[in-house]
Protein chains: 2
Amino acid sequence: MKARLADIATQAGVSEATVSRVLNSKPGVADDTRRAVLTALDVLGYERPARLRRRSAGLVGLMLPELDNPIFPAFAQVIERALAHHGYTPVLCTQTPGGVTEDDYTELLLERGVSGIVFVSGLHSDSGADLSRYLRLVDRGLPIVFVNGFAPGVDAPFISSDEAVAVELAIGHLASLRHTAIGLAVGPERYVPTARKIAGFRRGLAVRFGVEDADAWIERSLFSVEGGQAAAGALWERGATAIVCGSDLMALGAVRAARERGLRVPQDVSVVGYDDSPLVAFTDPPLTTVRQAVQAMGAAAVRALLDEIGGGRAPRTELIYRPELVVRASTGPAPDIGR
Amino acid sequence: MKARLADIATQAGVSEATVSRVLNSKPGVADDTRRAVLTALDVLGYERPARLRRRSAGLVGLMLPELDNPIFPAFAQVIERALAHHGYTPVLCTQTPGGVTEDDYTELLLERGVSGIVFVSGLHSDSGADLSRYLRLVDRGLPIVFVNGFAPGVDAPFISSDEAVAVELAIGHLASLRHTAIGLAVGPERYVPTARKIAGFRRGLAVRFGVEDADAWIERSLFSVEGGQAAAGALWERGATAIVCGSDLMALGAVRAARERGLRVPQDVSVVGYDDSPLVAFTDPPLTTVRQAVQAMGAAAVRALLDEIGGGRAPRTELIYRPELVVRASTGPAPDIGR
DNA sequence: GGGATCGTCCGAAATGTTTTGCGTGAGCCG
DNA sequence: CGGCTCACGCAAAACATTTCGGACGATCCC
């Protein structure tokens, strides 16, 4: 026999009306009464509406776009460790092409009553995506935190790496090696990080070389090795002597594209990656890259989330982490003769 | 304003009664009518009761030991894709040192009512671990599948890569390059895959070189780069001209250890990895390695699990996948003069 | 082949459950 | 002590579910 409002009302010593109000999170119920009703609910085994289900002791969703790019497992590790350290249990959700979507996972996490969700490079980093999904989460009072991306108007903490500075660091490094024909190989521009890298690139070229129209030196492609290879190929053909890439994977593609054309890295051309993902120190050549402060960003994301979960209010300004240049062996002095 | 039964009834061209019947999975509704009502439900954005929600049905846990070794994200991707393709939703659980344990995660998944769990290199691969945890799962009738490891007595499908053959393939390759002083750098022996690699190594050395006591050529360490570096260091010191490693990460460590000693790879010494994890084709030197059939194994694991979930009974024999040698540039002919 | 019988599907209406408008009384504050 | 607000119950309204019976078609029997 299913328990009805009347039973719960009896159990809690209130009227059905009050139970109804509690169940629907309506105003006009004293905290003590609300608690009494919730207790009665549990005593009678009434199934709570998902909305006010007890957040299961510290479950936290961790949303990642994929695992191919090693920076994402790296983020996952850091964030998981931080969460576990605070007694929370991370649930990793990674999307697969044509598979489970971010919304599916969000729905799932919501149903399971997670205490919060960390979005890493999710749809919030896609400027073309509909943000109402996030507004709905905020409305429901679910703590969420965003890493690497920006969703204007969503009332939540944002943690990002400074993509513009990253590109400017790379340009600075290449300029000091006397490169002047510098290209940028990035992913689709609708992604916030890409757009920011492009902005940084334009500014860098303008400031250092007075180049006003950087467009010819920007190639948009995919984030993968193959994407980098394609984008870099076009840039090498155009006479670039150095390329700044949107990810380490793309940088590996850029190296491959260079070698296909008989160009040696770093003697003939230079390549700068982005992320400093694990293992790129072991690549051939070891990649010069711009390191995201993965550790610090992950820790900050967790701190902000736990703040929110604890009822506090983490700062709403986008926390921007400054990346740092890691010089290895994929960059070298510009060749003497312009090609 | 929220949609009401009446609205849905109008939209679907039926009576409220019928809508109610559909919503509560009551009998007495023709399939066509039921479909029409469900469609109307979605059109009007009515929130379905959990019971007949389309997707959330099949949750499947996916247990991984870590994400540092890129072979694990690779497995995760493959298995996730296969699960999603069959309408299941994977939930990734990765342990962190000192954090959430496999048992914690199992408990969590059980509570959430998953349909099954895939264990990749979990405690079942640790011969010292207590297997009762798995027996309990089997008793509860929860479908589980194990990848890369073997837990004797647990009534579940096992999918493994043939570690012994992997090592023998590596030895064969090195022997054909006229190496004779071959070492093995692996992880702790209590892990089933390690034990099997050691067995394969002993057999390989016995068959090819008549070496009966291979012990001096085996170094047990950790699975990481540093572990490989330490183990390989000892072996190089002992005069090995080639080392077979338990993982690609260890192989990178072996290369580093060689270079520390002024040895060039592959001119002076050779290194063979294991896994063929993503990106090792880009390392310096590109690693010769033994490729696990990740794709096939992941697909098989999912197939077996879905079989079990569907009430069938997947075969209980351990499915052994044969790995294949991928020759790149970390192996070369043995140096002419024995060192 | 024709009619009786049965079963399925669905709508109208009855019945049951939840939500809401409104009024009351308790407590608080000036 | 009066005015105010808030929390809550009452009862009516809104909404959902179930019952009941009619329409329709298939099947069976004569």
Side-chain angles (χ1 to χ4, degrees), chain A residues 1-56 103-104 106-114 132-133 135-142 155 310-313, chain B residues 1-57 113:
Chain A
M1 300 293 95
K2 219 178 76 180
R4 293 187 298 273
L5 288 205
D7 304 324
I8 298 157
T10 311
Q11 172 77 24
V14 299
S15 71
E16 295 179 31
T18 305
V19 177
S20 170
R21 279 188 273 258
V22 171
L23 282 174
N24 297 292
S25 310
K26 287 281 161 65
V29 182
D31 273 359
D32 279 351
T33 313
R34 193 178 292 275
R35 251 191 300 280
V37 172
L38 290 175
T39 308
L41 232 57
D42 293 339
V43 170
L44 297 184
Y46 188 95
E47 198 182 332
R48 299 178 174 213
R51 167 162 56 256
L52 44 82
R53 200 158 296 169
R54 238 192 320 233
R55 301 263 146 89
S56 2
D103 287 335
D104 291 335
T106 305
E107 189 60 35
L108 180 87
L109 293 173
L110 229 42
E111 253 173 55
R112 309 282 142 175
V114 293
S132 66
R133 49 169 65 83
L135 294 175
R136 225 171 302 129
L137 295 179
V138 172
D139 278 350
R140 291 179 69 158
L142 186 80
D155 181 38
R313 194 180 153 81
Chain B
M1 296 300 99
K2 221 179 73 182
R4 293 184 299 272
L5 250 58
D7 303 324
I8 298 158
T10 310
Q11 171 78 22
V14 297
S15 71
E16 294 179 34
T18 305
V19 177
S20 171
R21 275 187 277 258
V22 172
L23 282 172
N24 297 292
S25 311
K26 288 280 161 66
V29 182
D31 273 358
D32 279 351
T33 313
R34 192 177 293 276
R35 253 192 300 281
V37 172
L38 289 175
T39 308
L41 231 55
D42 293 339
V43 170
L44 297 183
Y46 189 94
E47 195 180 333
R48 299 178 175 216
R51 125 165 98 261
L52 43 80
R53 199 151 301 167
R54 257 171 313 188
R55 39 194 179 250
S56 89

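Being a predicted model, the structure only gives us computed values, none of them experimental. Note that these values count all heavy atoms, side chains included, but never hydrogens, waters or copies made by symmetry. Each chain gets a letter, A, B and so on, in the order its sequence line appears, and its residues count up from 1.
At the phosphate of C:dT18, neither OP1 nor OP2 sits under 4.0 Å from any side-chain N or O atom of A:Asn24. B:Lys26 has no side-chain polar atom (N or O) that falls below the 4.0 Å cut-off from OP1 or OP2 of D:dT17.
Of the inter-residue distances, the one linking B:Leu38 atom CG with B:Arg34 atom CZ reads 7.5 Å to the nearest 0.5 angstrom. A:Thr106 contributes atom OG1, which lies 7.5 Å from atom CZ of A:Arg133 (distance to the nearest 0.5 angstrom). Considering CG of B:Leu41 and CG of B:Leu5, their distance stands at 8.5 Å, rounded to 0.5 Å.
Annotation: salt bridge (Lys or Arg N to Asp or Glu O under 4.0 Å) contacts of B:Asp31 (sequence neighbours excluded): none. In this structure, the side-chain contact (heavy atoms from CB on, under 4.5 Å) partners of A:Arg136, at least two apart in sequence or on a different chain, are A:Ser132. Annotation: salt bridge (Lys or Arg N to Asp or Glu O under 4.0 Å) contacts of B:Arg21 (sequence neighbours excluded): none.
Taking the C1' atoms of five terminal pairs at each end of the helix from C:dG1-D:dC30 to C:dG30-D:dC1, the two resulting helix axes are inclined by 10°, rounded to 10°.
Note on residues 8-17 of chain B: pairs passing side chain to side chain donor-acceptor pair (under 3.5 Å), not counting sequence neighbours, are B:Ser15-B:Thr18.
Inter-residue side-chain proximity for A:Thr33 and A:Val22 is flagged as unmet; no heavy-atom pair is nearer than 4.5 Å. Residues A:Tyr46 and A:Leu23 have side chains in contact (heavy-atom distance under 4.5 Å, counting atoms from C-beta outward).
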Report each atom pair, protein N/O against N/O of nucleotides 11-13 of chain D, whose distance is under 3.5 angstrom.
none

Dump every N/O contact between nucleotides 8-10 of chain C and the protein below 3.5 Å, one line per pair.
{"unit_1": "C:dC10", "atom_1": "OP1", "unit_2": "B:Thr33", "atom_2": "OG1", "d": "2.0"}
{"unit_1": "C:dC10", "atom_1": "OP2", "unit_2": "B:Ala30", "atom_2": "N", "d": "2.8"}
{"unit_1": "C:dC10", "atom_1": "OP2", "unit_2": "B:Thr33", "atom_2": "OG1", "d": "3.1"}

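Atoms CG (B:Asp7) and P (D:dC15) sit 9 Å apart, rounded to a whole Å.
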